[in-house]
Amino acid sequence: MTEVLEKESFSFQTEVGQLLEIVASSLYSNREVFLRELVSNASDACDKLRYAALTDASLAPPDGFAITLGVDKKTLSISDNGIGMNHADLLDTLGTIAKSGTGAFIEALKAEGKDTPGLIGQFGVGFYSAFMVASQVDVLTRKAGEDDAWLWSSDGKGGFTIEPATRDTAGTTVTLHLKKDAKEFAEEARIRHIIKTYSEHISFPVKLGDDTLNPAEALWTRPAKEISEEQYGEFYKHTSHAFDTPWHVMHNKVEGALNHTSLLFVPSVQPFDLFDAERKSHVKLYVNRVFISETTKDLIPAYLRFLRGVVDSQDLSLNVSREMLQTDPKLAKIKTQVTKKVLSELKKKAAKAPEDYAKFWGNFGAVLKEGLVEDPSLRERILEVCRFASTGEDGLTSLAAYVERMKEGQEAIFYIAGDDAAKLAQSPHLEGFKAKGVEVLLLSDHVDEFWLQHITEFEGKPLKSITRGAADLDAIEAEEKPDEDKPEEADLSKLIAAIKAELGELVKDVRPSKRLTDSPVCLIADEGDMDVNLERLLKRHGQLQTGMPRVLELNPSHAIITKLAERADGDADDLLKDAAHLLLDQARIVEGETPTDAAAFARRLGSVMSRAFEV
Ligand SMILES: Nc1ncnc2c1ncn2[C@@H]1O[C@H](COP(=O)(O)OP(=O)(O)OP(=O)(O)O)[C@@H](O)[C@H]1O
């Protein structure tokens, strides 16, 4: 038993304080959603007790779970007979925000000004939304299996108090002392309307007086044709504590050796924890309508962690513990079936509505591509739904469509990888490919480098980086007739020897280029060396200290290079030496790198300019 008998005062965690200030002062256009949040919490609490009682015989669940609303002149209360909270739970949950991304969210809100309901909506503030309508919130609660009850109370300003209290049974009652401008939420008609709008699909009865306000049956058990888009939307918001309208709804019943029903949603915005290291799944697992677990990785693969919703199967054992789920072969089978179904739905969407699919891809493409590395058994199906930016298309392309457009004589699927698609599109490495009308994929997600290590070909065509090794462009016919005025290609042998001698170990080699048409130089990785972008990525993450020297390619038809080639006929003079370094630095700068030696670069540039201006 806890030795706390007095009323204790606590301060909110800094983030909660800041968040409450914003919530309370924002003109949240849709503030009635607080009730949805509190009813959702009550429903979750009932789910949790029902599950806990399955595995712990000492917990006696009530005869029937219910959520009871009560209104008085100035108060509204939401009562449940669910799991309840003890002293430690109250401190852990109602004084802090466990949600990841909270700090970033608050920063974003502050930057945008306070009147940003869209952002608040996107984040979801759960329990704290009560303070949009209440000047004081009391939480009377008793945890199932424990004797002590507690009263948590706060005005939502600086902190909260906790004191011992009495409650006959386990559960929680949240009482809102309504603000002057929020008295409407003590009117029965208003409450009925809100519950009808937001909480119809809750699987526990929601009661007001003698009436039950909802059908209290799990939405996913109803036939899809009886469910409206709005009901799906509200269910999505309820189960995933989200505020957006789902991009896509998938409701499927699988009957056969292993029965299961899934109701899954693809959000239309990125959830805040999408790129957290934990890569948690948020699809809830139910066994015969009893909630079992929310975050099990054994139900949905990490690369589909953007999915929300539920999977329910009557063929799993009801008293399966969360630990046992990991080794349950039936669950593994459900996971594969659900994953395949989701991929096939995405494939349909991509074919039917490519522009809409591009929105999905922008939000979740980088996550889905993790599957190319992690799930070799479904690699081909995942690759089918992958889309890529390309020099040949305004929108996105699939690999299959790229292959169809390949030029005669083109043997490989060409790509360039880097941080930023817009910058990649400007890269000098692309020049020769553009001139011949050869399409190049622009890969700008970090994960691209990783799957490219595993997938080296598609439909028999190798995937080839245009920043590594020789450019195989000779076999491909040019689109236009060769330019009559095109300058002659110079013989670069002496120039190359001179530049090599000057640059020494700064470069691995110096060669004439086939990939350049407009720029004088570029740097590439030698065949067999690590590609430029991968090396950059590994260096940034501290996994590589120094990179390999690169191959410097010279454009034999560029005026500067031909002039230098003429000059290189004699002994290497100072200008030629400076030019060698400047060309290398220029190639580095175009790639977003710094010159090898900034001071020397500035000096050389100065000296070349002095000559040009005859200073
Ligand atoms: N009626 C309740 N019974 C038991 N625990 C509750 C109840 N209401 C809230 N809690 C606890 O407080 C926590 C915080 O609730 P809150 O609504 O802020 O966040 P959430 O429901 O976890 O997520 P979200 O912020 O997305 O709504 C819950 O996760 C739960 O542990």
Side-chain angles (χ1 to χ4, degrees), residues 12-13 15-17 19-20 22-23 33-52 59 61-62 65-70 76-102 105-106 119-132 134 137-146 149-154 156 160 162 167 169-176 198-199 202 204 206 234 236-244 267 269 271-274 276 280 282 284 291 293-295 308:
F12 282 122
Q13 176 201 21
E15 278 88 12
V16 177
L19 189 63
L20 281 173
I22 294 167
V23 169
V33 297
F34 81 90
L35 190 54
R36 172 180 69 202
E37 295 300 300
L38 298 182
V39 170
S40 285
N41 283 349
S43 156
D44 290 349
C46 295
D47 262 340
K48 284 179 196 162
L49 177 55
R50 189 158 62 172
Y51 173 72
L59 297 176
F65 285 103
I67 298 160
T68 312
L69 306 177
L76 165 64
S77 65
I78 299 99
S79 249
D80 65 68
N81 48 3
I83 191 87
M85 287 174 274
N86 60 20
H87 191 269
D89 294 336
L90 282 170
L91 275 180
D92 268 3
T93 56
L94 298 192
T96 57
I97 306 184
K99 201 172 245 183
S100 44
T102 309
F105 166 72
I106 291 173
L119 260 184
I120 294 183
Q122 196 178 322
F123 187 72
V125 291
F127 171 79
Y128 300 109
S129 62
F131 289 100
M132 292 193 293
V137 177
D138 297 331
V139 179
L140 175 63
T141 182
R142 179 174 151 192
K143 186 151 182 165
E146 299 186 14
W150 303 97
L151 178 66
W152 179 100
S153 185
S154 173
F160 55 92
I162 300 180
R167 199 179 196 283
T169 52
T172 302
T173 302
V174 179
T175 305
L176 311 184
Y198 295 115
S199 306
I202 296 257
F204 302 101
V206 180
E234 282 312 321
Y236 161 69
K237 290 174 187 170
H238 156 73
T239 46
S240 47
H241 299 279
F243 282 71
D244 57 315
V269 295
F272 272 79
D273 65 350
L274 190 63
D276 276 7
K280 263 196 203 148
H282 291 280
K284 293 181 174 171
F291 170 73
S293 167
E294 169 148 31
T295 50
R308 297 293 185 265

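All ligand and atom numbering here is 1-based and tracks the order in the structure.
The shortest N/O to N/O separation between Tyr128 and ligand 1 does not fall below 3.5 Å. At least one N or O atom of Phe127, backbone or side chain, sits closer than 3.5 Å to an N or O atom of ligand 1.
Taking the six-membered ring where the residue is Trp, Trp152 and Phe127 present perpendicular rings, their angle passing 60° and hence far from 30°.
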Test log, rule salt bridge (charged side-chain N to carboxylate O under 4.0 Å, His left out), inputs Lys284 and Asp44: CA-CA 11 Å; Lys284 293 181 174 171; Asp44 290 349; 3.8 Å; yes
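Heavy-atom proximity to Asp80, at under 4.0 Å, picks out these atoms of ligand 1: 1 (N), 2 (C). Taking every heavy atom of Leu94 and a limit of under 4.0 angstrom, the matching atoms of ligand 1 come to 12 (O). Against a heavy-atom cut-off of under 4.0 Å, Glu37 is close to the following atoms of ligand 1: 27 (O).
Rounded to the nearest 0.5 Å, atoms CE (Met132) and CD (Glu37) are 8.0 Å apart. Atom CG of Leu140 sits about 5.5 Å away from atom OG1 of Thr173, to the nearest 0.5 Å.
Less than 6.0 angstrom separates the ring centroid of Phe204 from the ring centroid of Phe65.
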